[in-house]
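All figures in this text were calculated on a predicted structure; none of them were measured in a lab. Naming convention: chains lettered A, B, ... in sequence-line order (proteins, then strands); numbering from 1 in each chain. Keep in mind that the numbers below use all heavy atoms, side chains included, and drop hydrogens, waters and symmetry copies.
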There are 2 protein chains.
Amino acid sequence: MASHRDERPAGQQQAEEPAEGLPPDERLGMDIKRAEQALIAAKQLAVRPAGLTVPQYAALFALADNPGISGAALARTCLVTPQAMTVVLKNLEERGLVERSPHPWHRNVLETRLTEAGHAALATADARAVRIERALADEFTPEERAQLRKLLERCGAAIGRAAAGL
Amino acid sequence: MASHRDERPAGQQQAEEPAEGLPPDERLGMDIKRAEQALIAAKQLAVRPAGLTVPQYAALFALADNPGISGAALARTCLVTPQAMTVVLKNLEERGLVERSPHPWHRNVLETRLTEAGHAALATADARAVRIERALADEFTPEERAQLRKLLERCGAAIGRAAAGL
DNA sequence: GGCACATTATCAAAATCTTGATGACTATCA
DNA sequence: TGATAGTCATCAAGATTTTGATAATGTGCC
């Protein structure tokens, strides 16, 4: 498509385009974004038949590893705002997939844990979602996997550093 | 923050993985997601002072490379639904950053292109966003960059293959 | 020439996420 | 004991995205 490039007469150039200043060859953001987009799209296809959205699946997954975690802590784990997690948990509770009960000691905290149905739903969704992860894992050798993980970790560190000093 | 994690040192952590046989050590999805989350958060911080959201920035960026593209095609480029792109373009048009005019041949298509103000806004936002990309690029050697890109590409391919045969 | 097909844009409704602000509770320290 | 700081949950309003469905237009095939 688009054989038309952004032809701009070099005469009146009130703002040079930094997009051209940084060659696409060095733009890694696009690659990361593309991979994550493919991942989230595939996961959505995977968990939808189980009646779950991706955020709901993520919450159930984290909840299975940390039973009794608070809503705010769960939100941090899933990288969403506490309010968004509240809505997710409300929906999950209405459908009987999670259970919330006041904490014995901290009356202000609501302990959240999976119900039997929640475990079942997670298992159903995960059975399909795992095929995505499995395909991902099988694509690489253990060395490549470790390599990729390390590179991504450095990405996150570099991004965080840049964002802090923005 | 969060010096108090949800520690429960008492015995049974019950950290059984619901993933049935896929150790977290092999779950690359989390790593990709974390990197992309950091990236999108940083970019949001970067483009916000320019009065743009990340989707708006993405649309302007793609528009700068493909002037006169249709809304639906732009949506595909930015990996969002056509409806979402319609809203984004409406907001951008109301603020005078883009211009839409009927296509000479296809009267059903609305040609969209950036205005002067649009180019300026993109330049302003990109000036800050580039610092994120720059930090990312400077974090790696050219070999590492090529390596990471290749690994991510294989990720996308593997995910797409798995999603197709879901 | 006429008809089915694909693409485009749009309307409408529901769900989700974000920002901002409030009230309640516990832990730490003077 | 009393006060300050930090965490948790929630309300409210706004913006964004998604799903589903409809009308108009150009293209290819019969």
Integer-rounded Å distance: dA24(D) P and Leu110(B) CG
16 Å

What I'd like to find out is whether the side chain of Pro82(A) reaches to under 4.5 Å of the side chain of Met85(A), using heavy atoms alone.
no

Distance in angstrom units between Leu74(A) CG and dT7(D) P, rounded:
17 Å

Look for any protein N or O under 3.5 Å of an N or O in nucleotides 15-18 of chain D and output each such pair with its distance, or none.
residue, atom, partner, partner atom, Å
dT16(D), OP2, Asn91(B), ND2, 3.3
dT18(D), OP2, Thr81(B), OG1, 3.1

Length of the line joining Arg100(A):CZ and dA9(D):C1', which is rounded to integer Å:
8 Å

For Glu144(B), does the CD atom have more than 12 heavy-atom neighbours from other residues, nucleotides or ligands under 6.0 Å away?
yes

Using atom CD1 of Ile69(B) as one end and atom C1' of dT8(C) as the other, report the distance to the nearest whole Å.
13 Å

Please give, in whole Å, the distance from dA15(C) C1' to Leu92(A) CG?
14 Å

Atom-pair distance (CG on Leu89(A); P on dA9(D)), nearest Å:
9 Å

Which residues share a side-chain contact (heavy atoms from CB on, under 4.5 Å) with Gln56(A), sequence neighbours left out
Leu52(A), Thr53(A), Val88(A), Asn91(A), Leu92(A), Arg95(A)

State whether the side chain of Arg145(B) and the backbone N or O of Ala137(B) hold a donor-acceptor pair below 3.5 Å, judged by distance alone.
yes

Glu111(A) has an atom CD; how far is it from atom P of dC8(D), in whole Å?
13 Å

Rounded to the nearest 0.5 Å, how far does CD of Glu36(B) lie from NZ of Lys43(B)?
9.5 Å

Interatomic distance where NE2 belongs to His103(B) and C1' belongs to dT8(C) [whole Å]:
12 Å

Short side-chain N/O contact to dC8(D) OP1/OP2 from Arg76(A), under 4.0 Å:
yes

Kindly determine whether Glu139(B) and Arg154(A) satisfy salt bridge (Lys or Arg N to Asp or Glu O under 4.0 Å), including the steps that lead there.
CA-CA 8 Å; Glu139(B) 172 74 16; Arg154(A) 285 170 64 191; 3.3 Å; yes

